[in-house]
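Heads up: the structure comes next, in structure tokens.
Whatever order the structure lists them in is the order used to number ligands and atoms, beginning at 1.
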Amino acid sequence: MPPRNPIRRFSNLVSLKLSASKPIEQPAPSAEGTRTLAQFLSTSREKYLNDIRAEPHKGAEWTVVMGNEAGDLDSLASSVAFAWLQSEIYKKPTIPLLQLERDDIDLRAENIHALHLAGITKPKEELLYLTDVKGFSPFPSQNFALVDHNRLGALYTAANPSAKIIAVLDHHEDEGLYKDTASPRTIEPSGSCASHVAALCPPELPADLATLLLTAILIDTNGLKPGGKALATDIYAAGFLASRSTFASKLPGKLVTALLDDPKAGPGPNALYEASAIRELTATLVAKKGGVSHLSGRDLLRRDYKDYQYVVDGKTVRAGLASVPVPLKAWGKGGKFEEAAVAWMRERELVVLGVLTSFRDSDTFGGSGKGKHRREQAWLVYDAPAEGKEKAADGEAVNVEKLAARLWNGLEDNVELKLKKHKKFDFEKGDNLPSGAKGRGYNQKNVNATRKVTAPVLKNIFEVPEPAATPEKN
Ligand SMILES: [Mn+2]
């Protein structure tokens, strides 16, 4: 049986049972009814935004389906698939909402890769984000479906008394909510929530959608590795999806035939895990997930970032600590680090920024066989003028010289961090810092000290009146 045309609508579809492995009679695809998953998503987004902006608005006609706030591939794929299922099969307009800001989609390269494989090549334009619904209070819709979590966020219930959960599909611990309103309400263990969503999909789901769900299962189960996180539900769902996905042509023909025939009994539990196309896809997804080479300097700073506030000599000083998994040299030459760091300080209105790197040095080899674990710290002190202003108003200005001196002394004297001046990053030598800014770079000889150690050191430096007492271990 050849893979079917992925882009059909299912207006005549009545039975949706997954067990109905026999092909359901399909109408010939009409030009009007033919659209890709990407088209489905961008059309839904446009319609939804029009409806909630209309007067009177029509947000009540929609169901909003969300994954959890971490925004991983499982949440993404599960919400997209559930929206497709509800809209295209059950004819209930449903829009997937990503619980993240539009720009944050770039922070997960594996998601971007999986979306591309599913034909969604402009996810910033094709998907709906928190950014799009920010201006609406209360939230403009009342019907919600939850995937990959099972408690509705406060944002959606605030001043929205008719908020109702119409469906829950999840694999986290069941909080016991929405039993009277949610149908289906499937909260059961599985490697991936995408497997629960796949179990509801008809055999004729679009190949693009099958691919997207499959990528989520593979990343959550490490490619269906035996003895790992994959449960029978995941193995079955992955077989069902793989044989209908855009990867079907790369799998052995016999395997595809067996899977199309009966994904449960068909080829045996490890057949898919052993297929080279599945191994390659898993390896790519895992590498993308672990890699940060696609991130911009700003992304590296905001990816794992915390804000702090101190009162130094009666003035409020905002400080930020960014933990970064690559060395300072990863920013590249020619002042790129300084440029990104200063821009971030302006954006967050910081006077102090510490960039704490942690990485394996590929030039040396430690006992583990991997490169030696190293840490660096780079610090900038700069009282950036607020946007639109030339410089900070008199009286508000922080004495950068004094603050920097205090910071350098405190850091360099600290017995726990063991900081040594960085030979390659002496920020005051070059002319890459704006005038009035101070900066120093260090190698951190205590490679076990994380931000959890550095943050209290910083607090101690700034908030213990000078002369700073020698920091004590506690
Ligand atoms: Mn999940």
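Here His171 meets the criterion, with an N, O or S atom under 2.8 Å of the Mn ion (ligand 1). The Mn ion (ligand 1) has an N, O or S atom of Asp148 under 2.8 Å away, backbone or side chain. Among the atoms of Asp74, an N, O or S atom is found under 2.8 Å from the Mn ion (ligand 1).
Here the closest non-hydrogen pair linking Leu177 and Asn150 is CD1-O, 3.9 Å.
In this structure, Arg302 pairs ionically with Asp104, as a charged nitrogen and a carboxylate oxygen lie closer than 4.0 Å. Using a 4.0 Å cut-off between charged side-chain N and carboxylate O, Lys47 and Glu61 make no salt bridge.
Defined by atom type and a distance below 3.5 Å, a donor-acceptor pair is missing between the side-chain atoms of His196 and Thr233.
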